[in-house]
**Q** 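The structure that follows is given in the form of structure tokens.
We name chains A, B, ... by the order of the sequence lines, and we start the count at 1 in each one.
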There are 4 protein chains.
Amino acid sequence: MDSKAKIITAARQLIYQNGYEATSISDIMAAAAVGKGQLYYYFKSKKDIGLAVLQQIVAEWDQQLVHGILAADQPAAPALTAMLAWVLDFHRQQDEHYGCPIGNVISEMSTKDEDFRVLLDQLMTAWTTALAVKLQQLTPVIAAKEAQVKAQTIIATLQGAILLIKVHQDIAPLEQAVNYLRQSVLQLEASR
Amino acid sequence: MDSKAKIITAARQLIYQNGYEATSISDIMAAAAVGKGQLYYYFKSKKDIGLAVLQQIVAEWDQQLVHGILAADQPAAPALTAMLAWVLDFHRQQDEHYGCPIGNVISEMSTKDEDFRVLLDQLMTAWTTALAVKLQQLTPVIAAKEAQVKAQTIIATLQGAILLIKVHQDIAPLEQAVNYLRQSVLQLEASR
Amino acid sequence: MDSKAKIITAARQLIYQNGYEATSISDIMAAAAVGKGQLYYYFKSKKDIGLAVLQQIVAEWDQQLVHGILAADQPAAPALTAMLAWVLDFHRQQDEHYGCPIGNVISEMSTKDEDFRVLLDQLMTAWTTALAVKLQQLTPVIAAKEAQVKAQTIIATLQGAILLIKVHQDIAPLEQAVNYLRQSVLQLEASR
Amino acid sequence: MDSKAKIITAARQLIYQNGYEATSISDIMAAAAVGKGQLYYYFKSKKDIGLAVLQQIVAEWDQQLVHGILAADQPAAPALTAMLAWVLDFHRQQDEHYGCPIGNVISEMSTKDEDFRVLLDQLMTAWTTALAVKLQQLTPVIAAKEAQVKAQTIIATLQGAILLIKVHQDIAPLEQAVNYLRQSVLQLEASR
DNA sequence: AATGAATGAGGGTTCATTCAT
DNA sequence: TATGAATGAACCCTCATTCAT
């Protein structure tokens with residue numbers, strides 16, 4: 001792994017656990033075992049690193065979630081179940097609950113830096129849109145607008161549940177939310 | 001207003017808009033128009049200020065929400081509607097969407113400082129419990145456990161929706177989530 | 001005990017253990033259980049407190065040592081032995097060895113504040129002179145100048161030994177120095 | 001001279017004259033003509049600087065005194081005389097008498113910071129041991145233990161005399177102590 | 001590509017002292 | 001006598017960034 005990748009990997013982990021502002025350049029240097037020179041050779045500023053980390057996550061979500069699990073050619077019901085499992089599994093694997101890698105940055109950076117916000121906005125919009133498409137596939141009668149609303153509410157429930165597991169340090173809220181959403185999907189499927 | 005109150009008020013506003021870590025003692029000093037020594041006369045540390053701010057919000061929510069809107073003697077359906085309006089109205093009044101005063105701190109501080117986390121945990125638990133009681137009043141047949149789960153999911157949806165309005169800088173997600181939750185409540189009421 | 005005395009007592013203990021500069025007004029306030037107002041009512045500055053503490057110690061040494069143990073009418077040999085015991089006993093009673101209450105302040109303040117230095121100088125001179133008188137009583141043949149020199153060297157040995165017990169945190173060096181000085185005195189006495 | 005050395009040199013001088021606590025980082029910065037960041041680039045804390053200064057002095061004393069003047073292969077009597085001269089000459093060169101660079105730190109730091117104390121303890125022990133060896137070379141009949149005691153008392157006398165020149169701002173006490181110790185050595189040499 | 005020395009603003013905190021009551 | 005609120009300079013330290021090599 002080259003220096004640039006090492007830096008991004010280290011920064012990603014640190015930002016996830018401690019937040020963007022609380023992660024110092026020195027922390028990243030130490031974690032990546034990289035000198036100050038290299039860091040400023042590959043990135044022109046700390047913000048640049050933050051953006052690079054964000055873009056990496058966005059790319060992953062785009063690939064795995066938007067163009068993977070929720071891809072147009074996937075059958076709707078299993079896709080929705082898979083999406084819920086994808087979210088739940090990530091948090092099940094964590095010993096300590098640091099919240100959502102994207103949600104955390106939304107909370108910290110959205111009103112502080114427009115570049116961060118735009119990137120996050122695009123990702124969340126892409127997710128919402130892909131999810132809305134699936135919901136429409138599942139229940140073709142509903143209007144596009146309504147599907148969009150439903151998709152957004154599902155995502156909100158997931159994000160909120162992840163926030164709750166962070167305060168309570170207990171995964172139960174997410175388990176329950178996923179259960180509830182799974183049932184909603186099944187009902188929708190049954191009702192068509 | 002005395003100095004201590006001025007400090008808390010200033011800090012509360014700054015922490016809400018910029019986060020706890022990003023709010024410097026100097027910022028608070030300037031906003032409260034108070035000297036540095038004064039600040040450390042009333043509070044032994046920055047963390048102390050943060051905790052005081054949090055306790056003030058917790059006290060307000062406890063009074064307005066837990067012991068006000070969701071008080072035991074309030075009829076269930078209007079109480080739930082009032083709760084949703086209480087949340088929605090707050091965010092409707094904001095020009096820029098800084099998210100939830102509590103949710104932001106949950107996201108930033110839960111895994112960084114146990115004292116913050118415990119306070120936030122208690123508030124969210126109190127809210128959940130009070131909401132669960134209302135839900136049971138509305139639909140007496142459901143089990144206490146189920147009501148608790150439902151309550152938590154409702155709160156999750158609200159928190160998540162508030163996070164989404166922060167990324168999108170558009171109140172729509174919260175409007176929609178509140179609409180959706182209002183309908184759920186009406187259905188529950190009708191179904192008993 | 002009135003406030004003024006409480007302040008001096010508390011300050012004396014703190015200055016002995018931590019030094020003058022390292023003892024803060026707040027420390028003294030806390031230890032004396034006295035408000036800020038009282039402190040600045042009785043003393044016009046921190047230096048004033050330090051000087052008062054010093055004067056108290058000087059007065060005690062003057063009374064106990066210079067005008068007590070080494071008083072003109074005391075027989076020389078027992079006086080010298082008593083002086084050595086007076087020094088040794090003080091340090092034997094300490095659990096942790098903080099050094100000499102006077103020596104510490106000499107080391108810290110002599111070149112920083114002339115008012116402190118003068119006070120300390122006077123005390124040490126008085127001690128030296130009183131001791132020289134005793135030495136002359138013991139061995140009348142020696143010149144006044146020589147007695148003065150001998151006195152100063154004895155005091156030096158004691159002060160140095162107390163410094164050594166502070167580094168080593170072991171009272172042995174002082175025990176040994178006192179032993180040595182006691183023998184010197186006995187020899188002087190025998191040789192006359 | 002590189003920055004690190006400049007910092008240590010400046011700090012050494014300041015600590016000698018004003019003490020460790022009374023020497024501020026800003027003072028060192030100004031004296032070394034070095035920026036604040038630079039200081040924390042080379043040293044991780046103020047304590048680190050203090051320890052580095054101490055280690056430099058310890059190294060010098062070890063080299064010049066313990067392994068130089070008092071080296072095993074040096075004839076005893078001249079070595080002792082040289083040691084006394086080494087001490088006296090240092091203080092003769094000073095315009096103002098700031099005391100002993102080591103003794104001052106012993107007095108200030110021994111009971112405040114164990115890391116300082118250990119370093120100082122080691123130096124003083126090394127000096128005592130080396131001096132005891134010389135004393136035994138001079139008077140082979142005396143027991144090792146007795147030599148150790150005698151060595152410690154000699155060092156005590158020197159340290160105490162240096163403390164006295166600090167209060168009195170007059171080098172006489174040290175001159176006299178050295179004279180006295182020189183005679184003691186001569187007597188020992190004559191008596192074998 | 002890479003090093004690490006240098007910068008200086010700003011972080012939270014403590015300090016001795018003064019003021020109004 | 002006594003209180004405690006107010007002041008602002010100074011404390012040690014960390015920060016993101018730049019420079020010379």
Side-chain angles (χ1 to χ4, degrees), chain A residues 2-4 7 20-30 33-50, chain B residues 2-7 11 20-30 32-50, chain C residues 2-4 7 11 20-30 33-50, chain D residues 2-7 20-30 32-50:
Chain A
D2 64 351
S3 288
K4 186 167 186 177
I7 292 167
Y20 171 75
E21 296 285 8
T23 297
S24 77
I25 293 279
S26 311
D27 293 341
I28 298 172
M29 273 170 54
V34 148
K36 189 153 285 192
Q38 295 210 52
L39 215 147
Y40 278 94
Y41 176 76
Y42 289 112
F43 302 94
K44 71 176 218 288
S45 68
K46 182 187 172 182
K47 178 173 166 182
D48 233 43
I49 300 176
Chain B
D2 64 351
S3 286
K4 187 167 186 177
K6 278 199 303 189
I7 292 166
Y20 171 76
E21 297 284 9
T23 298
S24 79
I25 292 282
S26 308
D27 292 341
I28 299 172
M29 269 170 57
V34 149
K36 185 160 290 194
Q38 210 43 14
L39 224 147
Y40 281 92
Y41 177 73
Y42 289 108
F43 302 93
K44 71 177 216 289
S45 66
K46 182 186 173 186
K47 177 174 167 179
D48 230 45
I49 300 178
Chain C
D2 64 351
S3 288
K4 187 167 186 177
I7 292 167
Y20 171 77
E21 295 284 9
T23 297
S24 77
I25 294 278
S26 311
D27 292 341
I28 298 171
M29 273 169 53
V34 148
K36 189 152 286 192
Q38 294 211 53
L39 215 146
Y40 278 94
Y41 176 76
Y42 289 112
F43 302 94
K44 72 177 217 287
S45 67
K46 182 185 173 183
K47 178 174 166 180
D48 232 44
I49 299 176
Chain D
D2 63 354
S3 287
K4 186 168 187 177
K6 278 200 302 190
I7 293 166
Y20 171 76
E21 296 283 10
T23 298
S24 79
I25 292 282
S26 307
D27 292 342
I28 299 173
M29 268 170 57
V34 149
K36 185 159 290 192
Q38 211 42 15
L39 223 146
Y40 281 93
Y41 177 73
Y42 289 108
F43 302 93
K44 72 177 214 289
S45 66
K46 182 186 174 184
K47 178 174 166 178
D48 229 44
I49 299 177

**Q** Let's test this: given Watson-Crick or G-U wobble pairing with both distances under 3.5 Å, identify the partner of E:dA1.
**A**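 Answer to the pairing question: none, since E:dA1 forms no Watson-Crick or G-U pair.
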**Q** Could you check how far CD1 of A:I28 sits from P of F:dT17, rounded to whole Å?
**A**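 For the pair A:I28 CD1 and F:dT17 P, the rounded distance is 10 Å.
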**Q** Taking OP1 and OP2 of F:dT14, is either one under 4.0 Å from a side-chain nitrogen or oxygen of A:S24?
**A**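 Checking A:S24 against F:dT14: no side-chain N or O falls below 4.0 Å of OP1 or OP2.
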**Q** Would you tell me if any nitrogen or oxygen in the side chain of B:K36 comes within less than 4.0 Å of OP1 or OP2 on F:dG8?
**A**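 It does not, given that no N or O in the side chain of B:K36 lies less than 4.0 Å from OP1 or OP2 of F:dG8.
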**Q** How close do D:K36 and D:S26 get, heavy atom to heavy atom, and via which atoms?
**A**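 Closest approach of D:K36 to D:S26, heavy atoms only: NZ-OG, 4.2 Å.
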**Q** Determine which nucleotide pairs with E:dT13, using a 3.5 Å limit on both distances of a Watson-Crick or G-U wobble pair.
**A**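 Check on E:dT13: paired to F:dA10, both distances under 3.5 Å.
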**Q** Roughly, in whole Å, what's the span from CD1 in C:I49 to C1' in E:dT17?
**A**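 Nearest whole value for this atom pair: 11 Å.
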**Q** Rounded to the nearest 0.5 Å, what's the gap from CD1 on A:I49 to CD1 on A:I7? Could you check?
**A**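 A:I49 CD1 to A:I7 CD1: 6.5 Å, rounded to 0.5 Å.
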**Q** I want to confirm an ordering. Mapping D:A33 and A:G35 to their closest nucleotides on DNA chain E, which one lands closer to the 5' end?
**A**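 Final value for this comparison: A:G35.
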**Q** Look at the side-chain N and O atoms of A:Y41 and state whether any lies under 4.0 Å from the OP1 or OP2 oxygen of E:dA2.
**A**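 Indeed not, no polar side-chain atom of A:Y41 lies that close.
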**Q** Whether A:S3 contacts E:dA1 is assessed here as follows: a side-chain N or O lying under 4.0 Å from the phosphate OP1 or OP2. Is that the case?
**A**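 For E:dA1, neither OP1 nor OP2 has a side-chain N or O of A:S3 closer than 4.0 Å.
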**Q** Phosphate oxygens OP1/OP2 of E:dA2: is one of them under 4.0 Å from a side-chain N or O of A:Q38?
**A**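 Yes, such a contact exists.
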**Q** Judged by atom type as modelled, is there a donor-acceptor pair below 3.5 Å linking the side chain of C:D27 to the main-chain atoms of C:S24?
**A**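 Looks like yes, one N/O pair under 3.5 Å.
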**Q** What is the distance, to the nearest angstrom, from the CD1 atom on D:I25 to the C1' atom on E:dG8?
**A**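 These atoms are roughly 15 Å apart.
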**Q** Let me know, please, whether C:D27 or D:K4 comes out on the 5' side of the other along DNA chain E by nearest nucleotide.
**A**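 First, find each residue's nearest nucleotide; the 5'-ward one identifies D:K4.
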**Q** Could you go through C:K4 and C:Y41, starting from their C-alpha distance and side-chain angles, then the distance that decides it, and tell me whether this counts as side chain to side chain contact (heavy atoms under 4.5 Å, CB included)?
**A** CA-CA 9 Å; C:K4 187 167 186 177; C:Y41 176 76; over 6 Å; no
**Q** Take the protein atom CG of B:L39 and the nucleotide atom P of E:dG12, then report the distance between them rounded to whole Å.
**A**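 Atom-to-atom, B:L39 to E:dG12, this comes out as 10 Å.
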**Q** Under 4.0 Å between any heavy atoms, over every strand shown, what does A:Y42 touch: base, sugar-phosphate, or nothing? Just pick one.
**A**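 Here A:Y42 touches the backbone only, sparing every base.
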**Q** In whole angstrom, what separates D:F43's CZ from F:dT14's P?
**A**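 Value for this atom pair: 15 Å.
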**Q** Where each residue is assigned the nucleotide of DNA chain F containing its nearest heavy atom, which of D:Y20 and A:G37 is assigned the position nearer the 5′ end?
**A**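 It is D:Y20, whose closest nucleotide lies nearer the 5' terminus.
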**Q** Give, for atom CD1 of B:I28 and atom CZ of B:F43, the distance between the pair rounded to the nearest 0.5 Å.
**A**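 One finds 9.0 Å between CD1 of B:I28 and CZ of B:F43.
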**Q** Can you measure D:E21 atom CD to F:dC12 atom P for me and round it to whole angstrom units?
**A**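 Between P of F:dC12 and CD of D:E21: 8 Å.
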**Q** Strictly by Watson-Crick or wobble contacts shorter than 3.5 Å, is anything paired with E:dA20, and which nucleotide is it?
**A**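 Checking every strand shown, E:dA20 finds its partner in F:dT3, with both distances under 3.5 Å.
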**Q** Report the distance from atom CE of B:M29 to atom P of F:dA9, rounded to the nearest whole Å.
**A**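 B:M29 atom CE is separated from F:dA9 atom P by 10 Å.
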**Q** Quantified in whole Å, what is the C1' atom distance between nucleotide F:dT21 and nucleotide E:dA1?
**A**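 One C1' to the other, the span is 13 Å.
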**Q** Within 45 degrees of the ring normal and closer than 6.0 Å to the centroid, is that where the cationic atom of A:K46 sits relative to A:Y20?
**A**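 The answer is yes, since A:K46 meets both limits relative to A:Y20.
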**Q** Provide, to the nearest angstrom, the distance between the CG atom belonging to D:D48 and the C1' atom belonging to F:dC13.
**A**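 Distance check: D:D48 CG to F:dC13 C1' gives 13 Å.
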**Q** Looking at B:Y40, I'd like to know whether one of its side-chain N or O atoms comes within less than 4.0 Å of OP1 or OP2 on E:dT14.
**A**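 Checking B:Y40 against E:dT14: no side-chain N or O falls below 4.0 Å of OP1 or OP2.
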